[in-house]
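So you know, we letter chains A, B, ... as the sequences are listed, proteins then strands, and number each from 1.
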Protein chains: 4
Amino acid sequence: MKNNKPKYKLIIDAAVDVIAENGYHGSQVSKIAKKAGVADGTIYLYFKNKEDILVSVFEDKMGQFIEQIATATSEKDNANEKLYTLIEMHFSQLAANHHLAIVTQLELRQSNLSLRQQINRVLKPYLGVIDGIVKEGIEEKLFRNDINIPLMRQMIFGALDETVTNWVMNEEKYDLVGLTPHVHSLLIKGISTD
Amino acid sequence: MKNNKPKYKLIIDAAVDVIAENGYHGSQVSKIAKKAGVADGTIYLYFKNKEDILVSVFEDKMGQFIEQIATATSEKDNANEKLYTLIEMHFSQLAANHHLAIVTQLELRQSNLSLRQQINRVLKPYLGVIDGIVKEGIEEKLFRNDINIPLMRQMIFGALDETVTNWVMNEEKYDLVGLTPHVHSLLIKGISTD
Amino acid sequence: MKNNKPKYKLIIDAAVDVIAENGYHGSQVSKIAKKAGVADGTIYLYFKNKEDILVSVFEDKMGQFIEQIATATSEKDNANEKLYTLIEMHFSQLAANHHLAIVTQLELRQSNLSLRQQINRVLKPYLGVIDGIVKEGIEEKLFRNDINIPLMRQMIFGALDETVTNWVMNEEKYDLVGLTPHVHSLLIKGISTD
Amino acid sequence: MKNNKPKYKLIIDAAVDVIAENGYHGSQVSKIAKKAGVADGTIYLYFKNKEDILVSVFEDKMGQFIEQIATATSEKDNANEKLYTLIEMHFSQLAANHHLAIVTQLELRQSNLSLRQQINRVLKPYLGVIDGIVKEGIEEKLFRNDINIPLMRQMIFGALDETVTNWVMNEEKYDLVGLTPHVHSLLIKGISTD
DNA sequence: TATGAATGAGGGTTCATTCAT
DNA sequence: AATGAATGAACCCTCATTCAT
């Protein structure tokens with residue numbers, strides 16, 4: 001219901017900007033309300049509490065993020081290409097959205113455990129996409145069949161996430177998307193020479 | 001009767017326990033002082049402020065953590081074995097210290113940027129150890145010579161970190177150390193069948 | 001039932017009472033809030049910080065004090081009568097307001113330099129009134145033309161201030177306003193017999 | 001007893017310097033101890049508490065101040081000259097001792113009521129000296145015999161004190177001692193032309 | 001006498017949330 | 001639906017004083 005309201009969207013977008021500009025701890029509800037052009041109290045007509053705003057930011061933005069990746073990978077023919085596309089889009093979407101990258105990689109991690117768990121819940125479908133690619137790769141005999149799928153998924157996600165975080169913390173000074181083939185190659189072939 | 005441990009150590013150890021039990025935001029200085037058996041004011045004879053306690057916890061505990069790994073890996077003969085040992089010890093040390101694992105993987109990440117940057121500073125030597133192993137592997141021709149070392153290091157660290165975080169968030173229900181050969185294998189050989 | 005006074009005024013009046021009763025250092029913000037019948041946080045909707053309450057008390061109360069004196073003296077015909085009126089009103093206004101007298105003569109002086117300088121700023125117009133009377137007296141040839149005006153103003157203010165402070169410190173046991181003719185006479189004619 | 005100890009003196013002198021340099025509220029006991037070259041605890045072998053240090057500073061320094069003035073005035077032949085000498089020495093002693101002037105005129109006034117009352121006790125003898133001069137002047141028929149002596153004393157002290165305070169607050173930019181004849185003249189002859 | 005490590009009470013201020021309008 | 005004034009709980013840190021040595 002609330003997703004259809006324009007104010008809901010106004011507040012979500014204001015929250016991303018405010019958090020990116022002021023940091024997690026500098027983002028008071030009143031500041032978000034001001035940026036969104038609504039009264040403080042209005043926030044509570046659309047969100048249960050402050051944490052709900054943050055979760056909703058993540059749901060909303062990551063929802064789109066994940067959907068884009070899910071759609072794009074589904075159009076590829078094999079697991080190898082799908083993984084490449086996933087990496088490329090993971091990087092390109094965050095590289096294209098400065099504020100969102102700061103919020104997801106740095107600011108939202110400063111939240112309490114409860115929020116972190118809800119964020120993980122939002123990430124579940126993305127992890128599902130990765131799982132699907134790995135499974136498909138095994139079926140296609142492109143990937144080894146002795147791998148622990150959840151573990152592989154963690155490694156892929158951990159590698160991408162750490163790469164993006166480092167890029168953000170280094171003030172986005174280099175070309176993130178350009179790392180795609182290297183990351184893909186390392187995940188596919190590993191580090192070994194043989 | 002009295003505790004002979006130096007107060008500095010008492011406070012560090014108390015902080016780990018209190019943070020693990022109450023979470024980052026539930027860890028008031030007074031709670032740490034009480035657990036350490038000292039007065040609130042005594043904390044400030046040994047630490048500049050609350051953030052300094054947290055940084056010191058990380059420096060102290062991670063300092064040992066890193067040193068153990070550095071020593072153990074240096075005793076191995078080649079990069080392959082060194083990487084295996086690094087993974088195994090990374091997992092085993094955190095698996096052996098429940099509270100420390102919670103603090104490093106979950107609670108300390110909820111901190112502000114300033115603290116995060118200090119934490120990264122402490123991690124530098126560990127990243128240096130990983131870099132060293134990768135370089136050595138290339139020299140030994142065990143590892144491919146076309147890999148981007150900082151990227152590889154990020155992927156290794158990201159994979160280990162994500163694996164431990166997931167283990168902690170899943171309430172440590174499975175055997176973390178047992179994942180060592182799988183993680184090692186994936187990093188070394190990648191996911192591909194050929 | 002509810003108090004219709006604006007909160008700003010409620011807090012100012014509460015502050016005068018609380019400071020007079022508890023002393024400067026015994027006047028916690030929470031005590032002032034309680035006396036004013038508002039929440040602690042409400043104070044900060046009307047005042048920047050605690051010091052701002054104190055400055056505002058002085059501005060508000062002394063503003064009225066000074067205006068009364070300025071108006072009354074302007075209605076007198078010559079500098080001599082104006083000086084008499086100034087002394088009389090200076091004494092009578094403080095004698096009529098027990099709490100205000102304690103606050104201005106004793107408590108507000110226990111403040112830090114920054115507050116003291118702001119208090120001096122508020123007093124400026126009063127010192128200007130005194131200067132004006134002295135100048136007028138010189139023009140009217142009632143007062144000597146060889147006097148240093150700032151010095152004379154300091155002496156007049158110092159004499160009045162010291163007289164009121166002594167009266168307050170002696171628990172207001174005698175008639176302050178009754179001293180008017182003596183103080184006036186001493187300022188006008190000096191101590192000498194010739 | 002304690003007055004004979006060198007450490008007592010060391011601490012008193014350190015206190016004057018520390019207060020003049022750091023202000024009343026910036027003068028922690030530990031800072032005074034450090035400046036005096038003794039341990040914090042040693043302070044409490046010579047002084048009951050912090051307030052006692054401050055009272056003792058005033059007793060010690062003002063004791064000398066008053067004694068000098070009492071001696072010098074007693075050597076003059078009539079009340080008129082004695083008053084002149086008192087003003088001159090009041091100004092010159094404070095003008096000669098920058099730190100002491102700051103402490104007596106500004107910093108010590110930021111103290112609580114109890115300390116202020118003790119300071120007044122120390123000032124009593126000085127007020128007695130002024131009283132004596134006024135009485136003598138009346139007896140010598142140099143001064144009017146209809147004046148209220150305590151009031152006159154307040155006015156004299158108030159005038160001198162206000163003059164010195166203004167000089168200190170104006171960063172001692174002009175010649176304080178040079179004001180002596182003007183202040184004397186105003187006190188003796190008043191402001192009137194006749 | 002002298003030390004200085006240890007104590008612990010005390011308070012200004014912020015900000016998420018509410019509710020009367 | 002919308003407002004925004006009002007609420008009040010929560011907490012880090014300082015520093016005068018003590019006391020075991």
Side-chain angles (χ1 to χ4, degrees), chain A residues 2 5-8 10-11 25-34 36-54, chain B residues 2 6-8 10-11 25-34 36-53, chain C residues 2 6-8 10-11 25-34 36-54, chain D residues 2 5-8 11 25-34 36-54:
Chain A
K2 60 185 181 180
K5 303 287 178 179
K7 288 216 171 146
Y8 176 84
L10 273 176
I11 294 165
H25 288 111
S27 296
Q28 296 80 355
V29 170
S30 61
K31 216 176 256 174
I32 295 172
K34 193 171 191 179
V38 302
D40 292 15
T42 304
I43 298 270
Y44 291 87
L45 299 175
Y46 295 91
F47 300 90
K48 212 166 64 251
N49 50 34
K50 187 182 180 181
E51 185 170 307
D52 189 30
I53 306 174
L54 302 174
Chain B
K2 65 185 179 190
K7 298 244 188 303
Y8 178 85
L10 274 175
I11 295 166
H25 287 110
S27 297
Q28 295 84 348
V29 171
S30 61
K31 219 176 252 175
I32 296 172
K34 194 168 189 179
V38 302
D40 291 16
T42 304
I43 298 272
Y44 293 88
L45 297 177
Y46 295 90
F47 301 90
K48 220 168 53 253
N49 50 35
K50 187 182 179 182
E51 183 170 310
D52 190 31
I53 306 175
Chain C
K2 65 185 177 188
K7 298 243 188 304
Y8 178 86
L10 274 176
I11 295 165
H25 288 110
S27 297
Q28 297 84 347
V29 170
S30 60
K31 219 177 253 174
I32 295 173
K34 194 169 189 179
V38 301
D40 291 15
T42 304
I43 298 270
Y44 293 87
L45 297 177
Y46 295 91
F47 301 90
K48 219 168 52 253
N49 50 36
K50 187 181 179 183
E51 183 170 310
D52 190 32
I53 306 175
L54 302 173
Chain D
K2 62 185 180 179
K5 303 286 177 180
K7 289 215 170 146
Y8 175 86
I11 295 166
H25 287 111
S27 297
Q28 296 81 355
V29 170
S30 61
K31 218 176 252 174
I32 296 173
K34 192 170 189 179
V38 301
D40 292 16
T42 304
I43 297 269
Y44 291 87
L45 297 176
Y46 294 91
F47 300 91
K48 214 165 62 251
N49 49 34
K50 187 181 180 181
E51 185 171 307
D52 189 30
I53 306 175
L54 301 173

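If you measure from atom OH of A:Tyr44 to atom P of F:dA5, you get 16 Å, rounded to the nearest angstrom. Counting to the nearest Å, the C1' atom of E:dT7 and the CD1 atom of B:Ile32 are 18 Å from each other. Regarding C:Asp52, its CG atom lies at a distance of 14 Å from the C1' atom of E:dT13, rounded to whole Å. A straight line from CG of A:Asp40 to P of E:dT18 spans 13 Å, rounded to a whole angstrom. Rounded to whole angstrom, the span from the CD1 atom of C:Ile11 across to the P atom of F:dA5 amounts to 14 Å. A straight line from NZ of D:Lys31 to C1' of E:dG4 spans 18 Å, rounded to a whole angstrom. Atom CD1 of C:Ile43 is separated from atom P of E:dC15 by 18 Å (rounded to the nearest Å). Put simply, CG on D:Leu45 is 13 Å from P on E:dG4, counting in whole angstrom units.
If D:Ser27 and B:His25 are placed on DNA chain F by their nearest nucleotide, the residue sitting closer to the 5' end is B:His25. Residue-to-nucleotide proximity on DNA chain E shows that, of D:Val38 and A:Ser30, the 5′-proximal contact is made by D:Val38. When each of C:Glu51 and B:Ala39 is assigned the nucleotide of DNA chain E with its nearest heavy atom, B:Ala39 is the one assigned upstream, toward the 5' end.
Taking atom C1' in both F:dT21 and E:dT1, one finds a spacing of 13 Å when rounded to whole Å.
Side chains of D:Asp52 and D:Asn49 form a contact here, defined as non-hydrogen atoms less than 4.5 Å apart.
Each of D:Leu54, D:Ile53, D:Thr42 was scored for a side chain to side chain contact (heavy atoms under 4.5 Å, CB included) with D:Phe47, with one residue passing: D:Ile53.
For D:Gln28, counting side-chain heavy atoms from C-beta on, the closest listed nucleotide (F:dC11, E:dA16, F:dC15) is F:dC15. Ranking F:dT17, E:dA16, E:dT14 by closeness to the D:Asn49 side chain, first place goes to F:dT17.
As judged by a 4.0 angstrom heavy-atom cut-off over every strand, C:Tyr46 is placed among residues touching the sugar-phosphate backbone only.
Note on A:Thr42: a side-chain N or O is less than 4.0 Å away from OP1 or OP2 of F:dT3. The side chain of A:Lys7 places an N or O atom within less than 4.0 Å of a non-bridging phosphate oxygen (OP1 or OP2) of F:dA2.
Taking both residues in full, the closest heavy atoms of A:Ser27 and A:Ile32 are given as O-CD1, 4.4 Å, listed atom of the first, atom of the second, then distance. Between D:Gln28 and D:Lys50, the closest heavy-atom pair is CA-NZ, 4.4 Å. Of all the heavy atoms in B:Asp40 and B:Ala33, the pair that sits closest is OD1-CB, 3.5 Å.
Secondary structure note: stems in DNA chain E built from 3 or more consecutive Watson-Crick or G-U wobble pairs under 3.5 Å occupy E:2-21 with F:2-21.
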